[in-house]
Amino acid sequence: MSRNLQYVTAHLPMLQVEEEDLEKNPQFSKLLLEMCQFLESHREMRIQRKLWFRSEVIYRLIQEILIELQVKKQEGTITDEENKFQDGLQQCLLVSECSRLLSDPDPDPGSVPLLGLEKQDLHDLLPSQMDVLWLRERLHKQLEDALRKKCFNFLSFHQPETDEEGEVLRAAKALRLATTLEDEKRRLKNEQEKHHEMGELLEKQQEMYPSVLLRCLALLRQAASDLRLQAQTDIDRMNAEYLETKSNAYLLKLRIEELQVLTDTYTPEKVEVHKYIRSNLESAVKSEKTELSASRQILASYEFLGTKFEELVQEYTRLRDKIKDNRWAIQELSKTLP
């Protein structure tokens, strides 16, 4: 097995790569090697960042401890042991920072150290070995207490219900807090992605909303028009029925008024008089009909005479007219005579 294949397999174990694949595809082999180098650099960077964070956390905790001791000193409540711990810790911290400044990863052979100092000169300023051991033991205890306190404070902030639980249970939850936060971070990231997707979907729906709204408005307008026409037909039919009923009511009212007028006009006495007059008229009509029937019978007997009867009638009419004329002439002459 070649060195390149071992290197790729070690950094990318999920890939099933054969040596022939690397030999037949040199560009692919180059890409895999560069990817492995990138992953290795990224892994190294994460390790260094983790170490830096750890050092930074410890450094800040030490600074907080020194600040608390300084506050106690100013308030006059600091003990001799705490004062000794503060002075020794500040002295060790100062020597450590100065040593870091003096350290050079690539020193030149003829270069002169800063201010002409060597690390051994700084080490001479440290407390005694016994005091350093005492400081280290006390610092470890205080760092542990400070870290536990911060973890519990953070746990109380994240899970307020744990304040009433025991210290052992809270410590167990604090140990799982990092995993819980990672899970919540992933959940929040997924929800953020879903929210982003929902936002994009909402934007698309907002773009489609006006056209859908216009289509709905057109459908509503068409439905309203159809319903209005149907309703208008029903209204017209109901109006016609209403007018017909109202007309019948007016006619009945007029008939009642007419009957009332007749009732007021023809009293029972007048009705009896009209009945008497009608009886007389019917009797007169009956007699007239009798006379008419007799006259018709006489005329029928005269019709048997034929043309002679007509000549007699004409002669009778001529003589009657002549008599009438003579009477008029006599009357006129009588007027002229004295």
Side-chain angles (χ1 to χ4, degrees), residues 198 200-338:
M198 293 296 294
E200 293 180 351
L201 181 60
L202 180 61
E203 290 179 358
K204 292 180 180 179
Q205 291 180 351
Q206 288 177 349
E207 293 176 357
M208 296 172 59
Y209 179 74
S211 59
V212 175
L213 182 60
L214 291 175
R215 192 181 308 116
C216 292
L217 288 175
L219 293 175
L220 288 174
R221 191 179 294 111
Q222 182 65 32
S225 178
D226 296 340
L227 290 175
R228 183 174 57 188
L229 292 175
Q230 183 178 359
Q232 188 64 37
T233 303
D234 296 338
I235 291 172
D236 293 341
R237 179 178 55 78
M238 294 174 67
N239 287 335
E241 293 177 355
Y242 169 74
L243 293 175
E244 182 180 0
T245 305
K246 191 173 182 180
S247 299
N248 294 331
Y250 279 128
L251 291 175
L252 291 174
K253 188 174 181 181
L254 290 174
R255 180 60 178 166
I256 291 172
E257 293 293 334
E258 181 181 359
L259 294 175
Q260 186 65 38
V261 170
L262 292 174
T263 303
D264 296 339
T265 303
Y266 298 103
T267 60
E269 293 80 6
K270 292 181 180 180
V271 172
E272 292 297 330
V273 172
H274 281 281
K275 286 182 178 180
Y276 176 74
I277 295 171
R278 183 174 180 177
S279 175
N280 293 333
L281 290 175
E282 288 179 352
S283 300
V285 170
K286 186 176 181 181
S287 62
E288 289 295 331
K289 287 183 177 180
T290 303
E291 293 178 0
L292 178 61
S293 177
S295 299
R296 286 179 177 175
Q297 290 177 0
I298 294 170
L299 288 175
S301 62
Y302 286 129
E303 287 178 357
F304 285 109
L305 299 176
T307 56
K308 293 181 178 181
F309 175 74
E310 292 180 1
E311 292 176 357
L312 291 173
V313 172
Q314 290 176 359
E315 183 65 22
Y316 173 76
T317 303
R318 184 181 61 78
L319 292 174
R320 190 181 61 180
D321 292 338
K322 186 175 180 181
I323 293 169
K324 186 177 180 180
D325 291 338
N326 291 333
R327 286 179 181 175
W328 177 79
I330 293 170
Q331 290 177 357
E332 291 297 324
L333 287 174
S334 297
K335 292 178 182 179
T336 58
L337 293 176

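Glu282 is linked by a salt bridge (Lys or Arg N to Asp or Glu O under 4.0 Å) to Arg278, counting only residues two or more places apart in sequence or in another chain.
The distance from the CZ atom of Arg327 to the CG atom of Asp325 is 11.0 Å, given to the nearest 0.5 Å. To the nearest 0.5 Å, atom CG of residue Leu281 and atom CD of residue Glu288 are 11.5 Å apart. One distance of note links NZ of Lys246 with CG of Leu251; it measures 13.0 Å at 0.5 Å rounding. Residue Asn326 holds its CG atom at 12.5 Å from NZ of Lys324, rounded to the nearest 0.5 Å. Atom OG of Ser247 and atom CG of Leu252 lie 11.0 Å apart (nearest 0.5 Å). Here CG of Asp236 is found 10.5 Å from CG of Leu243. Values are rounded to the nearest 0.5 Å.
Of all the heavy atoms in Ser287 and Ala284, the pair that sits closest is OG-O, 2.7 Å.
For the pair Met238 and Ile235, the minimum side-chain heavy-atom distance is 4.5 Å or more.
Listed for the Ser279 side chain is no donor-acceptor partner under 3.5 Å among the backbone atoms of Lys275. With hydrogens and angles disregarded, no donor-acceptor distance shorter than 3.5 Å links the side chain of Ser293 to the backbone of Lys289.
Arg255 and Glu258 are joined by a salt bridge, as a carboxylate oxygen and a charged side-chain nitrogen come within less than 4.0 angstrom of each other.
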